[in-house]
Protein chains: 2
Amino acid sequence: MHNVLAMDIGGSHFRVGLFDHEGRRLEVLEGDTSLSGGRDWMLDQLRELSRELLKRADYPVKACGISFGGPVDFKRQQVRSLHVSGWENFALAQWVEKTLSLPCRVDNDANAGALGEYRFGAGRGSPSLFYITLSTGIGGGFILEGRVHHGRDSLAGEIGHIPVSDSGVVCACGARGCLETFCSGTAIALRGREWVSRRPESAAHVLELSGGKIESISAQAVAEAAAAGDSMAVGIIQETAHWLGRALLTVVRILNPDKIILGGGVALAGTVLLEPVRQTMRDLASSTLSYSTEILVAELEGYSALYGGAALGLELAAESGPIAS
Amino acid sequence: MHNVLAMDIGGSHFRVGLFDHEGRRLEVLEGDTSLSGGRDWMLDQLRELSRELLKRADYPVKACGISFGGPVDFKRQQVRSLHVSGWENFALAQWVEKTLSLPCRVDNDANAGALGEYRFGAGRGSPSLFYITLSTGIGGGFILEGRVHHGRDSLAGEIGHIPVSDSGVVCACGARGCLETFCSGTAIALRGREWVSRRPESAAHVLELSGGKIESISAQAVAEAAAAGDSMAVGIIQETAHWLGRALLTVVRILNPDKIILGGGVALAGTVLLEPVRQTMRDLASSTLSYSTEILVAELEGYSALYGGAALGLELAAESGPIAS
């Protein structure tokens, strides 16, 4: 018997968890990310919470796996985030090895989410799956026969940045017309705010859900208003579904995976988003190329990436040889 | 020492080849496909040419691999072509086994082309590659660690049918706005003919290359006229490159393969097409997600798929155990 440690480092929230040898979640400590605190603040938090969990573990903790909310050079096990200062080319796995004396493996949050759903969620046992996280941004991960496909530059799965329109706005990545500019939580919230500022008379419900403040309108509020039948919100969700459906059909055509799994906060909208996505895919597809790829919502809800961290830790523990029980 | 037999069954042309144990091409017999002859005519041709090559082989022929120009159910080893009568659900591998007494494996022409380029062409030794054939239609195949990824319904790689535009014309598959309606040889030829019929005064060169007949204008004639600087032809090739560049960037984002290899007749246009494709990809991509995927033209020219058939045969021969030399 042994345990592993898992970390999920995100832009707004972070978690450290203790998991047993079969990937069951034993305990999770968490907090909100302080962007102004930068890297060193975050590392302090991770060290303290990890030490706390290591103390509480009943069995030897054999390894640590990390989901990082930004690009990761998987071969070098380095973080490549350009957005938050101090992380660029930081050897995060090495830091854990030195600080906590645990072998460690890091991957980006979309790949970790894919792995989490593959091992413990909606993708259990699938020969192939594509996971998409719809959150502040959009990421993805492709798993074939149990392994994440990282690609030449550790950039496989970056479906948020496929070009879907020549007329799109500029993306956080610097390019124009990326899927992310149409379907991310940020994009949905922005469209909600634009609509409300232009047509306040039609926006009572979504404003009410946002405490009366335009600047507080979130993707979640838009989705909730759409679920309640608010026509302005329904329009925004349907436009999102139009672009997302096209992107998912693209994944079906290129990879024809057994499953496509939608995770991240936006996917929590559920049926109100999923139904028009499926409708778009039916409208666009042809009966002569019928496919049986399933489109599902993630089962581990907000925890796909943390479970992915646990899966990385368990992989490492298994590689380090037989373990005395 | 042993040999293998390879077949490439296409809509306009077919080939049967004899290859040695290292995949060297020894001899090829070929002919034009008679669509009116249907399946039985084609099987007669394949049987006769195969028997001829089997007679000429210096070493025992251990297996046969086939590239089929249409959808193939790889798991069942059945052809699924709906376009040409008699092929639907035909157990082609089984037919070879019975008729020629050889173990046989069939795949579609795009997957076979991918395998051919991986084993013997521009993709030798690549951990991952995506092959695209630009011909009458458009197909593709993804190879990861030496194996074709077929996907749940044997439909992975069908990049010709990703939806790229809401305003596209109806595709041969029945859907609307597929990549194939913009970038196939058929689409390029059609656009050339449309242009010439509307603006005959600007079309002297492309008409001359086509024997003076509008209905004889081919994608190749358009590409040749573009290479010679004909501005109408350059415009058509640049529009093709615009859509193709977007599709290739989509493949880079989703799979980040080591190589993307362009095969098929349209790819023979070379630089006149490849340069604007690369330019489109540079224009659309962002410097924050820089990638090193190489975009190359197939090395085996018209023979990628036949070499893929040889590779399938060699796989089978290797699986059937050690061979007495």
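Residue numbers start from 1 in every chain, and the chains themselves are labelled A, B, ... in the order their sequence lines are given, proteins ahead of strands.
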I'd like to verify something: which residue of G157(B), G174(B), C178(B) has the highest number of heavy-atom pairs under 4.5 Å with chain A?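 Highest number of pairs under 4.5 Å: G157(B).
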
Positions in residues 111-118 of chain B that reach chain A, provided some heavy atom is under 4.5 Å away: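 From residues 111-118 of chain B, none sit under 4.5 Å of chain A.
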
So if I take each residue of residues 120-155 of chain B and look for any heavy atom under 4.5 Å from a heavy atom in chain A, which residues do I end up with?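 When heavy atoms of chain A are the reference, residues 120-155 of chain B contributes S128(B), F130(B), F142(B), L144(B), E145(B), R147(B), H149(B), H150(B), G151(B), R152(B), D153(B), S154(B), L155(B) within the under-4.5 Å range.
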
Among the options G177(A), S165(A), A247(A), pick out the one with the most heavy-atom pairs lying under 4.5 Å from chain B.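 Going by pairs under 4.5 Å, I would pick S165(A).
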
Any chance CZ of R282(B) has more than 12 other-residue heavy atoms, nucleotides or ligands included, within less than 6.0 Å?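 It does: R282(B) CZ has more than 12 such atoms within range.
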
For atom CH2 of W243(B), decide whether the heavy atoms of other residues, nucleotides or ligands shown that lie under 6.0 angstrom number more than 12.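 Enclosed: over 12 neighbouring heavy atoms sit under 6.0 Å from CH2 of W243(B).
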
Please evaluate residues T250(A) and I254(B) with respect to the criterion side-chain contact (heavy atoms from CB on, under 4.5 Å), reporting the C-alpha separation (whole Å), side-chain torsions for both, the decisive distance (0.1 Å), and the verdict. CA-CA 10 Å; T250(A) 300; I254(B) 292 179; 4.3 Å; yes

Taking all atoms of both residues into account, what is the closest heavy-atom pair of S286(A) and A175(B), and its distance?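 Between these two residues, the closest heavy atoms are CB-N, 3.6 Å.
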
For the residue pair L289(B) and C173(A), what are the closest heavy atoms and their distance?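 Here L289(B) and C173(A) meet closest at CD1-CB, 4.2 Å.
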
Go through R246(A) and D166(B) one step at a time and tell me if the side-chain contact (heavy atoms from CB on, under 4.5 Å) criterion holds. CA-CA 10 Å; R246(A) 276 178 55 163; D166(B) 285 335; 3.1 Å; yes

Side-chain contact test, heavy atoms from C-beta onward, threshold under 4.5 Å: evaluate it for V164(A) versus V164(B) and give yes or no.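 No, their side chains stay 4.5 Å or more apart.
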
What's the spacing between L284(A) CG and R176(B) CZ if we round to 0.5 Å?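 One finds 10.5 Å between CG of L284(A) and CZ of R176(B).
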
